[in-house]
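Below is one structure; the comments refer to it alone.
Note that this is a predicted model, so its numbers are computed, not measured.
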Amino acid sequence: MWGRILIFSCVLPWPMAGAAPWIQEEGVWYTRAALVSETVEGLNGYRADAYLEYGLSDEWTVTLKGEAVRYTGVDGFDSRGWRATARRLLYNSNRLKVSGEAGLLQGSAIGGRNGCDRLGAEARMGVSWSSRPRRHPYFLYAEGVGRFHGDCQRRRLEAGYGFSPYPSIWTITQLWIERGATDAPSDKIQTEIVWNAERLDYSIGVRREVGNAFVEEGVFVSIARTF
């Protein structure tokens, strides 16, 4: 039982894709919902995620995220959480963008257990590079993240690469490296295929813990819309 407690303390916060250095245009909404089927050390669980962005201006975007997880066959680890932030564009060129972001978060589904589930603050600094040639556009981004819950602190590096091999089709790979509190060390990688349809974006992907401290993997589907 104590082994399971330690495992779940490490792996509960899935870093769902849903924050990057880009700014939404003024008056534009972006919404995304995802469902994950995951396995942690042989135990099965389901995670639901909802994410929203709104462009206040050409320089400011606000975000809101809610997440909940439920595991079958084990008690005491179901959790939920939320995060609300404001993102500011700090530098903008034709391809290169730099942004800063700050806000509040709460809940072990996002912040983590062992004290990190209390109300806390999050700060981000990110940079992105995008290119749209006539064929095969691509993008790269990286963000440094700090999360602070009193005496429980975490640091995270997030990075991603997207490439469009065919019109309306993208492959996106993301990496999260987290350190800080005793139960924080985790390295995760996610790969997905995205189809940009006329009104909705559909994606399917896989995630894995690659830090070798424990076994964790998941499969997810999501839909997104900008309007």
Taking atom CD1 of Ile193 as the centre, report whether more than 12 heavy atoms of other residues, nucleotides or ligands fall under 6.0 Å from it.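 Not more than 12 within 6.0 Å, no.
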Do [X] and [Y] come within less than 4.5 Å of each other through their side chains, counting heavy atoms only?
| X | Y | answer |
| --- | --- | --- |
| Val62 | Leu56 | yes |
| Leu105 | Arg147 | yes |
| Tyr141 | Gln174 | yes |
| Lys65 | Trp82 | no |
| Ile172 | Thr191 | no |
| Val28 | Thr226 | yes |
| Arg88 | Ser99 | no |
| Lys188 | Glu216 | yes |

Verify the distance criterion only: is there a donor paired with an acceptor across the side chains of [X] and [Y] at less than 3.5 Å?
| X | Y | value |
| --- | --- | --- |
| Thr63 | Arg87 | no |
| Asn44 | Thr39 | yes |
| Glu26 | Ser57 | no |
| Glu192 | Ser203 | yes |

How close do Ser37 and Tyr46 get, counting heavy atoms only, and between which atoms? OG-CE2, 3.9 Å
Which heavy-atom pair separates Trp60 from Ala86 by the least distance, and what is that distance?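 Shortest heavy-atom separation between Trp60 and Ala86 comes out as CZ3-CB, 4.0 Å.
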Carboxylate-amine/guanidinium proximity below 4.0 Å for [X] and [Y]:
| X | Y | value |
| --- | --- | --- |
| Glu158 | Arg124 | yes |
| Arg179 | Asp187 | yes |
| Arg118 | Asp151 | yes |
| Glu178 | Arg155 | no |

Mind checking whether Tyr161 and Tyr138 have parallel, tilted or perpendicular rings, split at 30° and 60°?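 Taking Tyr138 first and then Tyr161, their aromatic rings sit tilted (interplane angle of 30° to 60°).
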The single option from Phe163, Trp170, Trp129 passing ring-ring contact (aromatic ring centres under 6.0 Å, His included) against Phe139: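 One option only clears the test, and that one is Trp170.
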Decide yes or no on side-chain contact (heavy atoms from CB on, under 4.5 Å) for Leu175 and Gln190, but give the supporting numbers first. CA-CA 6 Å; Leu175 172 69; Gln190 170 179 295; over 6 Å; no
Distance (rounded to the nearest 0.5 Å) between [X] [atom1] and [Y] [atom2]:
| X | Y | atom1 | atom2 | answer |
| --- | --- | --- | --- | --- |
| Asn92 | Lys97 | CG | NZ | 4.5 Å |
| Tyr166 | His136 | OH | NE2 | 8.0 Å |
| Leu89 | Asp58 | CG | CG | 9.0 Å |
| Leu140 | Ser128 | CG | OG | 9.0 Å |
| Gln106 | Cys116 | CD | SG | 12.5 Å |
| Asn196 | Asp201 | CG | CG | 4.5 Å |

Are Arg47 and Glu67 close enough, and set up right, to give a salt bridge (Lys or Arg N to Asp or Glu O under 4.0 Å), and what steps lead you there? CA-CA 7 Å; Arg47 184 178 298 268; Glu67 190 169 349; 2.9 Å; yes
Quick one: does Thr31's side chain have a donor or acceptor within less than 3.5 Å of a partner on Ala224's backbone? no
Please confirm whether the backbone N or O of Gln24 pairs with a side-chain atom of Thr61, one donor and one acceptor, at under 3.5 Å? yes
Applying ring pair (Phe, Tyr, Trp, His ring centres under 6.0 Å) to Tyr30 and Trp22, what does each step give before you reach the verdict? CA-CA 12 Å; Tyr30 170 80; Trp22 294 279; over 10 Å; no
Ser186 and Trp176: CA distance, side-chain angles, deciding distance, side-chain contact (heavy atoms from CB on, under 4.5 Å) verdict: CA-CA 8 Å; Ser186 176; Trp176 297 273; over 6 Å; no
Establish, for the pair Arg207 and Phe220, whether the NZ or CZ atom is under 6.0 angstrom from the six-membered ring centre and no further than 45 degrees off its axis.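 Yes; both conditions hold, so Arg207 lies above the ring face of Phe220.
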In sequence, state the C-alpha distance, the side-chain angles, and the governing distance for Arg156 and Glu143, and then conclude on salt bridge (Lys or Arg N to Asp or Glu O under 4.0 Å). CA-CA 8 Å; Arg156 177 183 292 172; Glu143 285 192 290; over 6 Å; no
From the list Thr85, Ile110, Leu104, side-chain contact (heavy atoms from CB on, under 4.5 Å) with Glu122 holds only for Thr85
